There are 2 protein chains.
Amino acid sequence: MTKTKAPEARALPLNQILDGDCIEVMNSLPAGSVDLIFADPPYNLQLRGDLHRPDNSKVDAVDDHWDQFSGFAAYDKFTRDWLTAARRLLKPDGAIWVIGSYHNVFRMGAELQNQGFWILNDVVWRKSNPMPNFRGKRLTNAHETLIWASRAEGSKYTFNYEALKSLNEGVQMRSDWVLPICTGHERLKDANGDKAHPTQKPESLLHRVLVATTNPGDVVLDPFFGTGTSGAVAKMLGRDFIGIEREASYRAVAEKRISRVRRFDKSALEVSTSKRAEPRVPFGQLVERGMLRPGEELWSMNGRHRVKVRADGTLVGSDTHGNIKGSIHQVGAHLEGAPSCNGWTYWHFKREGRTIPIDVLRQQIRAEMADRPH
Amino acid sequence: MTKTKAPEARALPLNQILDGDCIEVMNSLPAGSVDLIFADPPYNLQLRGDLHRPDNSKVDAVDDHWDQFSGFAAYDKFTRDWLTAARRLLKPDGAIWVIGSYHNVFRMGAELQNQGFWILNDVVWRKSNPMPNFRGKRLTNAHETLIWASRAEGSKYTFNYEALKSLNEGVQMRSDWVLPICTGHERLKDANGDKAHPTQKPESLLHRVLVATTNPGDVVLDPFFGTGTSGAVAKMLGRDFIGIEREASYRAVAEKRISRVRRFDKSALEVSTSKRAEPRVPFGQLVERGMLRPGEELWSMNGRHRVKVRADGTLVGSDTHGNIKGSIHQVGAHLEGAPSCNGWTYWHFKREGRTIPIDVLRQQIRAEMADRPH
DNA sequence: TCAGCATTTGAATCTGCTT
DNA sequence: AAAGCAGATTCAAATGCTG
């Protein structure tokens, strides 16, 4: 793996594991070049244990208000710094996922907001097989929290709504995900047979994250790569990855792991798409093509309203005050007294006694376009 | 109960709803006198325009004046101030619960830590019937987050481990709680029949909080009392409450509500536990978990049809007319020319030459879930 | 009284392209 | 940059109406 660290930004080192401190390495990469960042940062840096004030005096009473804050201050600076570097790397429409527990996730979430990231969802990974609370002094800690945020308010982030709906048996994916922790063959072991990394995440979690918020060919960067779960799943799913990891032992494990991963077939990577992604068809085209004739009548979904098609693809009908004219959407909305209306599903034409939504004509045109693209 | 030490401090006004700004009122009460604080502060939702459901009905947004803040700085100051006043009121071994969404909970959690509160658990309220995401642009916001924290590290907080275990069919209570939102008869209405408060919490949530972390006779203070769910449940459970609410209309509703509450008989305390149905397992989860790989082939029961699995848990295959895509049930039904099809028993995968129904994999997942119910 | 069907509703940072 | 407009988008429960 290359370690050419120019003072200037360099080209993107795709599908590699970079050695070094994640902040320095991120700052060496070109700004605005990454589609998605997935980050699973350490969360126990100085929250407990040897707390020192900025002047290096030792903390004595743990109960002390300011002592606690000094521990958090160091963690907050770390969070601020790596998030700043990460945000610089993101494309304007890029997004980030972070994962943490109650020890650190509140501080990460607040800093995300402070930096101008725009939170899209917080997601609860609900562990189906968590470690029990042995002492019976608290609730079983059975979840971790992820935060999904776009680079800024107004970013056109990627969200494969229909694909996630498919993953959830046809109903909207919720913000709570039930997935098992990483165990068994998936859990990587070192030479001694001990677990290679203490907090290895399950591939199922990354699968859902990447299917939801990236497309094939996207660049996914992970600044705390560890044993490379994000890279392994990215490779499977036909995404490019960039990993950053400063521990040589983790890099070695990840390298070997990812080399064994095989990319899925291209056809398997296509996911269900929504209507929004399909090409727009002007209603007038139905008239131009003779699928509907000028003067032909359309009926509303509920059968209460009747309008006529005009040669320019507008409709004309009447309400109690007189004639109304306009697009299929405008006339539908007006007649229903609704703020808006999808004319494609609202209006129906008649053929041989049957009432058919005009949307089927649009689907015919789209099918032709798919056969013979432009 | 300690008597007043500051000139302005007064004796504890138990089982009353106090009028005024919660910070001022809390500062007028004696320090170190409260066992538990439950706080449901404004979330700072930052809503933009109107939102309509797909049927064009308008969503009744939380746009009340009390949820408006000029920015994060103003919200943070507000949070800092009320938490400071709250912490002063707590007994040394007292604890606090706060509830919020991703809009505010990260900032609250960070400030709790900054002030020296000691987080014991973050708890996810998983709503069984959340409002969907109508535009299909994000995940369904199906949960809210509670934080449970003791006044300080080392506080000997109250936790009724066995009581919660009983509430959970004999196994440890987890950090994720599945409870319905507040609807139906429980939802309080005003004179016009509109909801009396836009964010009334379900009594089941408070029931669990108070059973878990208070004992009969404890003093529970709620600085954002609203319609008084915490007070009503405290009364039922034989705890004392102190409510603070500055809106006269909410106070009036709460007063009337609590006056009608009767303290439970001990025998009436237990809620009936309903037997859960077999949990639904989305087919996509088999793919996410790596039990089936994207691109892998499935065979129909009769061996006549072959399809490929895609990354989003849909299948793609072909009939005489071209490609067909859809869920395991849809594709099976289509290929058989049947009105419906149980894809779980219809489709089979191959392992080491053997043909195995995919339902076997679903049973594996259900077995895992059965080990750790809820 | 009841079953069945239609309607209502819930803490929501909920569009995107063209002009 | 702001306005205009096409057009895509919902799940679980409880209530209420009809027969």
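Within every chain, numbering begins at 1; the chains are lettered A, B, ... in the order of the sequence lines, protein sequences first and strands thereafter. Just so you know, these numbers come straight off a predicted model, no measurement behind them.
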Is there a side-chain polar atom (N or O) of [X] under 4.0 Å from OP1 or OP2 of [N]?
{"X": "Asn141(B)", "N": "dA12(C)", "answer": "no"}
{"X": "Tyr161(A)", "N": "dT10(D)", "answer": "yes"}
{"X": "Arg280(B)", "N": "dA12(D)", "answer": "no"}
{"X": "Arg276(A)", "N": "dA8(D)", "answer": "no"}
{"X": "Lys275(A)", "N": "dT9(D)", "answer": "no"}
{"X": "His329(A)", "N": "dA6(D)", "answer": "no"}
{"X": "Ser327(A)", "N": "dA6(D)", "answer": "yes"}
{"X": "His185(B)", "N": "dT15(D)", "answer": "yes"}
{"X": "Lys165(A)", "N": "dT10(D)", "answer": "yes"}

Indicate, with a heavy-atom threshold strictly under 4.0 Å, whether [X] touches base, sugar-phosphate, or nothing.
{"X": "Glu153(A)", "answer": "nothing"}
{"X": "Thr183(B)", "answer": "sugar-phosphate"}
{"X": "Val105(B)", "answer": "nothing"}
{"X": "Pro180(B)", "answer": "nothing"}
{"X": "Ser128(B)", "answer": "sugar-phosphate"}
{"X": "Gly100(B)", "answer": "nothing"}
{"X": "Pro41(B)", "answer": "base"}
{"X": "Asp67(B)", "answer": "base"}
{"X": "Ile119(A)", "answer": "base"}
{"X": "Arg174(A)", "answer": "nothing"}

How far does the [atom1] atom of [N] sit from the matching atom of [M], given to the nearest Å?
{"N": "dG16(D)", "M": "dT1(C)", "atom1": "C1'", "value": "15 Å"}
{"N": "dA6(D)", "M": "dT13(C)", "atom1": "C1'", "value": "25 Å"}
{"N": "dA12(C)", "M": "dT9(D)", "atom1": "C1'", "value": "14 Å"}
{"N": "dC14(C)", "M": "dG10(C)", "atom1": "C1'", "value": "15 Å"}

Lys NZ or Arg CZ of Arg151(A) over Trp118(A) ring: under 6.0 Å, within 45°: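 No, Arg151(A) does not sit over the ring of Trp118(A).
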For [N], the Watson-Crick or wobble partner whose two distances fall under 3.5 Å:
{"N": "dG4(C)", "answer": "dC17(D)"}
{"N": "dG10(C)", "answer": "dC11(D)"}
{"N": "dT18(C)", "answer": "dA3(D)"}

Between [options], which nucleotide gets closest to the side-chain atoms of [X]?
{"X": "Trp66(B)", "options": "dG10(C), dC14(C), dA11(C)", "value": "dA11(C)"}
{"X": "Arg135(B)", "options": "dA12(C), dA8(D), dG10(C)", "value": "dA8(D)"}
{"X": "Phe134(B)", "options": "dG16(C), dG7(D), dG10(C)", "value": "dG10(C)"}
{"X": "Arg187(B)", "options": "dA11(C), dA6(D), dA8(D)", "value": "dA11(C)"}

Does [X] get its side chain close enough to the base of [N], under 3.5 Å, for a donor-acceptor pair?
{"X": "Arg138(B)", "N": "dT13(C)", "result": "yes"}
{"X": "Lys127(B)", "N": "dA13(D)", "result": "no"}
{"X": "Ser274(A)", "N": "dA8(D)", "result": "no"}
{"X": "Arg53(B)", "N": "dG10(C)", "result": "yes"}

Test item: Leu83(A) and Leu112(A) side chains (from C-beta on) under 4.5 Å apart, heavy atoms: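 Yes, at least one pair of side-chain atoms sits under 4.5 Å.
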Thr314(B) backbone acceptor or donor facing Ser166(A) side chain under 3.5 Å: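 No; judged by distance alone, with no hydrogens or angles, the pair does not exist.
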Side chain Gln200(B), main chain Glu186(B), donor-acceptor under 3.5 Å: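 A pair under 3.5 Å: yes.
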Salt bridge check: are [X] and [Y] linked by an N-O gap of less than 4.0 Å?
{"X": "Glu203(B)", "Y": "Arg257(B)", "answer": "yes"}
{"X": "Lys189(B)", "Y": "Asp194(B)", "answer": "no"}
{"X": "Asp76(B)", "Y": "Arg80(B)", "answer": "no"}

Ser327(B)-His329(B) side chain donor-acceptor pair, cut-off 3.5 Å: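 Result is no, nothing qualifies.
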Can you check the [X] [atom1] to [N] [atom2] distance for me, whole Å?
{"X": "Lys189(B)", "N": "dG10(C)", "atom1": "NZ", "atom2": "P", "answer": "8 Å"}
{"X": "Phe159(A)", "N": "dT9(D)", "atom1": "CZ", "atom2": "P", "answer": "12 Å"}
{"X": "Leu205(B)", "N": "dA11(C)", "atom1": "CG", "atom2": "C1'", "answer": "13 Å"}
{"X": "Asn114(A)", "N": "dT13(C)", "atom1": "CG", "atom2": "P", "answer": "19 Å"}
{"X": "Asp55(B)", "N": "dA8(D)", "atom1": "CG", "atom2": "C1'", "answer": "14 Å"}
{"X": "Asp122(A)", "N": "dA12(C)", "atom1": "CG", "atom2": "P", "answer": "14 Å"}
{"X": "Lys58(B)", "N": "dG10(C)", "atom1": "NZ", "atom2": "P", "answer": "13 Å"}
{"X": "Gln172(A)", "N": "dG10(C)", "atom1": "CD", "atom2": "P", "answer": "18 Å"}

In dT15(C), glycosidic geometry as syn within 90° of 0 or anti otherwise: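 dT15(C): anti glycosidic orientation.
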Trp118(A) over dT13(C), stacked by centroid distance under 5.5 Å, angle under 30°: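 So yes, this residue stacks on that base, both cut-offs being met.
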Earlier contact from the 5' end, DNA chain C, for Asp40(B) and Arg48(B):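 Nearer the 5' end of the strand: Asp40(B).
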Most 5' of Gly184(B) and Gly170(A) on DNA chain D, judged by nearest nucleotide: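 Per heavy-atom nearest nucleotide, the more 5' residue is Gly170(A).
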Validation row, ring centre Tyr250(B) to ring centre Phe225(B) under 6.0 Å: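 Not close enough - the centres of the two rings lie 6.0 Å or further apart.
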